[in-house]
Amino acid sequence: MAKLWGGRFQKSTDKKVDDFNSSIRFDKRMYKQDIEGSIAHASMLGKQGVISREDSEKIVAELKNILKDIDDGKIEFEIDAEDIHMNVEKILTERIGEAGKRLHTGRSRDDQVALDLRMYLMSETQEISDMLIGAMQTLTNLAKEHTDTIMPGYTHLQKAQPITLAHHIMAYFEMFRRDFSRLCDCRRRMNVMPLGSGAMAATTYNLDRQSVADALGFDSVTMNSLDGVSDRDFVIELAGVLSLIMMHLSRFCEELILWSSHEFSFVEMDDAYSTGSSIMPQKKNPDVAELIRGKTGRVYGHLMGLLTTMKGLPLAYNKDMQEDKEPIFDAVDTVKLCLPVFCDMISSMKVNKNVMLRGAKGGFTNATDAADYLVKKGLPFREAHAVVGQMVFYAIERNMSLDELSMEEFKKFSEIIEKDIYDAISMQTCVNDRKIIGGPAKATVESAIKQAEIFLAEQH
Ligand code: ARG
């Protein structure tokens with residue numbers, strides 16, 4: 001097949017090279033952005049008198065038809081036409097002849113692909129932001145039900161201090177809030193229009209770049225033609241943000257996998273979100289959580305792949321950069337796949353409140369509070385720490401929790417201990433006295449949830 005760039009060639013491309021070079025398999029998903037970009041470019045060329053008004057109108061009208069035909073599944077793309085940009089141009093020229101050949105005036109595929117990719121990723125980023133807001137809403141709803149659900153908090157995966165499930169869940173809300181802000185930030189830097197950079201040295205035609213940016217809804221235009229076609233920071237930055245989202249999802253999934261184990265039994269995944277074993281009849285596996293954790297690795301891989309692809313490239317465009325698409329598309333698809341399934345999984349799981357409470361009571365999670373009790377009665381903290389350490393040792397030996405010690409037993413450790421110790425080290429007091437900003441007390445978490453809801457309402 002004759003190439004759009006075939007003029008200086010004496011031989012046709014080897015079939016294997018055609019297949020090797022072609023990106024239509026994966027860049028066809030940008031057809032809408034490619035056509036919208038071409039419509040804006042062609043209209044501007046007409047207005048600026050670079051091509052005739054008549055040609056410009058013909059191009060625009062036919063591009064709209066092509067868009068509809070692609071939407072309706074009526075068009076088969078050709079591998080030989082290499083990529084989405086040349087496929088569209090080829091179809092256009094087949095349909096309207098001469099005028100179609102004028103579309104590419106003052107433009108290169110290098111600034112065209114930079115434009116398409118920015119537009120495509122801006123729209124995907126918007127969708128992911130919306131999904132993230134959805135996930136934050138799910139977390140908030142779940143947290144609301146569990147401001148009284150006491151559970152052990154951990155450090156080193158050893159029981160530390162009692163908190164509530166709501167407090168734990170709202171920690172993830174904060175992570176996603178930061179991810180959301182990172183996505184907005186990343187999108188802001190994507191929102192710059194590169195068309196007019198040409199192949200790398202801009203163009204001698206009197207293009208009106210700002211009007212193209214306005215027509216396509218961009219905030220501004222790129223300020224250096226070399227950078228305009230070489231920059232893939234926005235792809236890498238997005239891959240970074242997506243990696244963080246996956247990392248946060250993966251940490252929660254890891255916790256849910258632990259929590260749904262027989263040893264923890266804090267939660268039980270809904271049947272609809274678990275799978276069985278082909279050999280062991282008793283099994284109910286948290287596959288969904290595991291797959292999200294697993295898919296995190298592939299998104300990290302894409303980030304590393306993109307960084308590596310770009311690290312040695314001299315300015316400006318190099319064909320290596322065609323390798324930016326599959327990884328970022330897959331990273332985007334993966335996050336879009338994981339977020340909704342994660343939301344459904346956590347809203348359908350059963351929380352075993354009693355087991356959580358027992359877990360909190362059982363691990364001396366109130367030892368800090370027992371020490372604080374002694375401090376409030378006048379003992380220096382270091383001494384209190386030592387006294388409670390002895391109490392814990394005594395209780396471990398007898399398989400008891402601190403609040404099961406009798407008054408006489410307490411007195412053996414310190415004369416200053418009174419009856420009010422029982423209230424001071426109850427799980428409810430341990431949690432609800434921690435009411436400073438950021439703490440797990442019911443009232444504090446309720447106000448954090450209220451603030452979260454205000455934040456979510458502002459995003460609509
Ligand atoms: N398919 C190419 C890509 O995805 C488009 C740009 C081609 N430019 C070029 N000079 N060969 O990067």
Side-chain angles (χ1 to χ4, degrees), residues 1-9 11-38 41 70 75 77-93 101 103-124 190 192-203 222 224-239 302 305-333:
M1 186 190 80
K3 292 283 193 284
L4 290 181
W5 40 254
R8 61 99 68 216
F9 286 77
K11 260 175 141 182
S12 56
T13 326
D14 187 283
K15 178 81 186 75
K16 283 196 289 298
V17 173
D18 265 340
D19 292 342
F20 183 67
N21 225 9
S22 174
S23 53
I24 188 66
R25 254 185 317 113
F26 48 85
D27 64 18
K28 64 180 174 206
R29 64 159 85 190
M30 303 192 298
Y31 72 88
K32 192 162 172 281
Q33 290 75 21
D34 192 73
I35 292 175
E36 282 171 3
S38 288
H41 180 67
I70 302 176
I75 289 184
F77 294 115
E78 289 176 20
I79 298 235
D80 291 8
E82 210 175 306
D83 53 27
I84 187 60
H85 326 295
M86 291 204 293
N87 264 277
V88 170
E89 193 183 329
K90 184 167 169 285
I91 298 163
L92 179 73
T93 305
K101 296 184 189 168
L103 167 63
H104 211 50
T105 313
R107 186 177 74 171
S108 152
R109 263 189 302 154
D110 300 351
D111 55 358
Q112 192 179 353
V113 71
L115 175 81
D116 294 3
L117 193 54
R118 281 176 185 266
M119 287 172 66
Y120 180 80
L121 293 181
M122 274 165 65
S123 125
E124 293 294 300
M190 261 182 222
V192 188
M193 207 287 298
L195 224 53
S197 302
M200 41 81 72
T203 180
T222 54
N224 179 294
S225 62
L226 272 171
D227 182 52
V229 288
S230 305
D231 170 26
R232 291 295 182 273
D233 296 4
F234 61 97
V235 179
I236 297 174
E237 193 177 352
L238 179 60
H302 293 322
L306 285 164
L307 281 166
T308 313
T309 298
M310 292 306 294
K311 89 185 225 312
L313 299 188
L315 306 187
Y317 179 84
N318 301 268
K319 189 75 173 198
D320 314 46
M321 286 154 79
Q322 183 165 284
E323 288 290 305
D324 60 359
K325 285 169 209 67
E326 284 166 293
I328 195 64
F329 291 166
D330 186 70
V332 161
D333 293 348

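Just so you know, ligand 1 is whichever comes first in the structure, and atom 1 is the first atom listed for that ligand. Side chains included, hydrogens not; waters and symmetry mates left out as well; all remaining heavy atoms used. All residue numbers in this chain count up from 1 along the given sequence.
- Counting heavy-atom neighbours within 6.0 Å of E323 CD, excluding the residue itself, gives a total of 12 or less.
- With hydrogens left out, the protein atom closest to atom 8 (N) of ligand 1 is D110 OD1, 2.8 Å, a heavy atom.
- A salt bridge is defined here as a Lys NZ or Arg NE, NH1 or NH2 lying under 4.0 Å from an Asp or Glu carboxylate O, and R29 with D333 meets this definition.
- With hydrogens left out, the protein atom closest to atom 4 (O) of ligand 1 is K325 NZ, 2.7 Å, a heavy atom.
- In terms of protein heavy-atom proximity, atom 5 (C) of ligand 1 is nearest to D83 OD2, 3.4 Å.
- Looking only at protein heavy atoms, the nearest one to atom 11 (N) of ligand 1 is R109 NH2, 3.5 Å.
- Any N or O atom pair closer than 3.5 Å counts here, and Q322 shares at least one such pair with ligand 1.
- Backbone and side-chain nitrogen or oxygen atoms of Y317 are examined, and one is located within less than 3.5 angstrom of a nitrogen or oxygen of ligand 1.
- Classification of K28 and E82 as a salt-bridged pair fails, no side-chain N sitting under 4.0 Å from a carboxylate O.
- Electrostatic pairing of E237 and R232 does not count as a salt bridge here, judged by no charged N lying under 4.0 Å from a carboxylate O.
- Residue contact check: S23 has heavy atoms under 4.0 Å from atoms 1 (N) of ligand 1.
- Donor-acceptor pairing under 3.5 Å is recorded for the side chains of D34 and Q112.
- Side-chain N or O atoms of S22 include none that pairs as donor or acceptor with a backbone N or O of D19 at under 3.5 Å.
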